[in-house]
K.L.:
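This is the structure I have questions about; it appears just below.
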Number of protein chains: 2
Amino acid sequence: MKERRSSAKRDAILEVICSTDTHPTAEWVYTMLKPRYPGLSLGTVYRNLSEFRARGEIISVGIVGGQERFDGNTSQHAHLVCTKCGAVEDIGISSELDSGIVKEMEGDTFESESYRLTFYGTCKNCKNTG
Amino acid sequence: MKERRSSAKRDAILEVICSTDTHPTAEWVYTMLKPRYPGLSLGTVYRNLSEFRARGEIISVGIVGGQERFDGNTSQHAHLVCTKCGAVEDIGISSELDSGIVKEMEGDTFESESYRLTFYGTCKNCKNTG
DNA sequence: TTCGTTGCAAACATTTTGCAGTTTC
DNA sequence: GAAACTGCAAAATGTTTGCAACGAA
């Protein structure tokens, strides 16, 4: 793997992702950091997010409303995606369910390394206001 | 819902999707039908796929390698996505696992309507050749 | 001095859309 | 004839990339 030099901007990008539970987009990260780093470029955000994802330092929740959503919480958990407002929430899953899911793949010719479990529906907020 | 008139092209698009297990992209559908319907436009494919998806006649597997993948099999099942070649395969899940997953959501403030379970890894083909 | 990192803007790829012509009912 | 459907091409969108300047080791 390539040598990695220290970079305040990269550190800040990771920190922003890890200190929120909103499952942000690249653009959101950029908007959050721009005031603090006026010279920041959107390309830099994209480049660092891709690298974090490739290294497993963050995970991708998938694409919601056309934009990729990221998550600094890399432990195994599922997600709730609101199809009305696009909000993404975490939901813990029991270890029984996790092992049940993992077991489903054992012995298959397909070699699975990870899985993603996503629920689609309406979040509390949209249910009340809508 | 809007009135729906008969259309040979629309029928063909749905038929192509339902008669393959490759989980095609819009472009693939277009390429497959273009010889038979020389006047076919990519926009028409996109429009009809969106409508099918909205009506629940097909489901979206999600975006793989930047392109949305579709599935004419609308019964509950999981998917395997090869991170090397982008192949998507179906995998049936036991009814016990399905109910375990559904149960995980019961009582939550989030109102879930569906879920998507996707495994990521290496397909048989890539494992052997790579 | 080396080479990783970044800003900038152009390039890219997929998907969406406006509009005018066509087809279905 | 009204309204749905389509082709076409332009637009919109999110993301990637080439390159020169910058910065860390």
Side-chain angles (χ1 to χ4, degrees), chain A residues 1-17 22-55 57-71 81 83 86 88, chain B residues 1-17 22-55 57-71 81 83 86 88:
Chain A
M1 204 175 278
K2 210 206 290 182
E3 180 203 341
R4 198 188 220 179
R5 298 192 177 158
S6 86
S7 153
K9 286 170 185 171
R10 175 163 53 213
D11 295 346
I13 292 168
L14 185 57
E15 203 245 308
V16 161
I17 296 252
T22 59
H23 307 82
T25 64
E27 186 125 26
W28 189 90
V29 171
Y30 172 76
T31 303
M32 289 300 283
L33 290 174
K34 190 68 174 172
R36 188 155 28 124
Y37 298 92
L40 181 65
S41 154
L42 194 49
T44 296
V45 175
Y46 275 108
R47 261 188 290 240
N48 279 292
L49 289 177
S50 294
E51 194 198 293
F52 290 149
R53 187 193 359 159
R55 288 174 176 250
E57 295 169 356
I58 63 176
I59 61 173
S60 171
V61 180
I63 286 154
V64 178
Q67 289 180 280
E68 185 161 20
R69 304 287 287 264
F70 298 95
D71 192 342
V81 173
T83 51
V88 177
Chain B
M1 203 175 282
K2 209 207 289 184
E3 180 202 341
R4 196 188 222 179
R5 298 190 178 162
S6 86
S7 153
K9 286 170 185 172
R10 175 164 54 213
D11 294 347
I13 291 168
L14 184 57
E15 202 244 311
V16 161
I17 296 252
T22 59
H23 306 83
T25 63
E27 185 125 28
W28 188 91
V29 171
Y30 172 76
T31 303
M32 290 299 283
L33 290 175
K34 189 68 175 171
R36 189 157 25 126
Y37 298 91
L40 181 65
S41 155
L42 194 49
T44 296
V45 175
Y46 274 108
R47 261 187 290 239
N48 279 292
L49 289 178
S50 293
E51 193 199 293
F52 291 148
R53 187 189 2 154
R55 286 173 179 252
E57 294 169 356
I58 63 176
I59 61 173
S60 171
V61 180
I63 285 153
V64 178
Q67 289 180 282
E68 185 160 20
R69 304 288 287 264
F70 298 94
D71 192 343
V81 173
T83 51
V88 177

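Letters A, B, ... mirror the listed sequences (proteins, then strands); counts begin at 1.
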K.L.:
For each nucleotide in nucleotides 8-18 of chain C, reading 5' to 3', give B when a protein heavy atom comes within less than 4.0 Å of its base, S when such contact involves only the sugar-phosphate, and - otherwise.
P.N.:
B-----SBBBB
K.L.:
For a quick test of reading the model, state the closest non-hydrogen atom pair linking Pro35(B) to Thr31(B) and the distance between them.
P.N.:
CD-O, 3.3 Å
K.L.:
From Ile59(B) CD1 over to His23(B) NE2, what is the distance, rounded to the nearest 0.5 angstrom?
P.N.:
7.5 Å
K.L.:
Rounded to the nearest angstrom, tell me the gap between atom CZ in Arg4(B) and atom C1' in dT23(C).
P.N.:
16 Å
K.L.:
In sequence, state the C-alpha distance, the side-chain angles, and the governing distance for Phe52(B) and Ile17(B), and then conclude on side-chain contact (heavy atoms from CB on, under 4.5 Å).
P.N.:
CA-CA 11 Å; Phe52(B) 291 148; Ile17(B) 296 252; 5.9 Å; no
K.L.:
Provide the closest heavy-atom pair for Glu27(B) versus Leu42(B) in the form atom of the first, atom of the second, distance.
P.N.:
CA-CD1, 4.3 Å
K.L.:
Chain B on DNA chain D: first and last contacting nucleotide, 5' to 3', under 4.0 Å to a heavy atom?
P.N.:
dA2(D) to dC8(D)
K.L.:
Return the angle between end axes of the helix from dT1(C)-dA25(D) to dC25(C)-dG1(D), with five pairs used per end and rounding to 10°.
P.N.:
30°
K.L.:
Of all heavy-atom pairs between Ser41(B) and Tyr30(B), which one has the smallest distance, and what is that distance?
P.N.:
C-CE1, 3.8 Å
K.L.:
Determine whether Leu49(A) and Arg53(A) make a side-chain contact, defined as any pair of heavy atoms from C-beta on separated by less than 4.5 Å.
P.N.:
no
K.L.:
In sequence, state the C-alpha distance, the side-chain angles, and the governing distance for Arg55(A) and Arg4(A), and then conclude on side-chain contact (heavy atoms from CB on, under 4.5 Å).
P.N.:
CA-CA 12 Å; Arg55(A) 288 174 176 250; Arg4(A) 198 188 220 179; 3.4 Å; yes
K.L.:
Minimum heavy-atom separation for Gly86(B) to Arg69(B), with atom names?
P.N.:
O-NH1, 2.9 Å
K.L.:
Tell me: CG of Asp11(B) to P of dT24(C), nearest whole Å?
P.N.:
11 Å
K.L.:
Looking at every non-hydrogen atom in both residues, tell me the closest pair between Ser60(A) and Phe70(A) and how far apart they are.
P.N.:
CA-CD2, 4.4 Å
K.L.:
Determine, step by step, whether Arg47(A) and Ser50(A) satisfy the side chain to side chain donor-acceptor pair (under 3.5 Å) criterion, reporting the C-alpha distance in whole Å, the side-chain angles of both residues, the deciding distance to 0.1 Å, and the verdict.
P.N.:
CA-CA 5 Å; Arg47(A) 261 188 290 240; Ser50(A) 294; over 6 Å; no
K.L.:
How many Å lie between CG on Asn48(A) and C1' on dT6(C), as a whole number?
P.N.:
9 Å
K.L.:
In whole angstroms, how far is the C1' atom of dT6(C) from the NZ atom of Lys2(A)?
P.N.:
12 Å
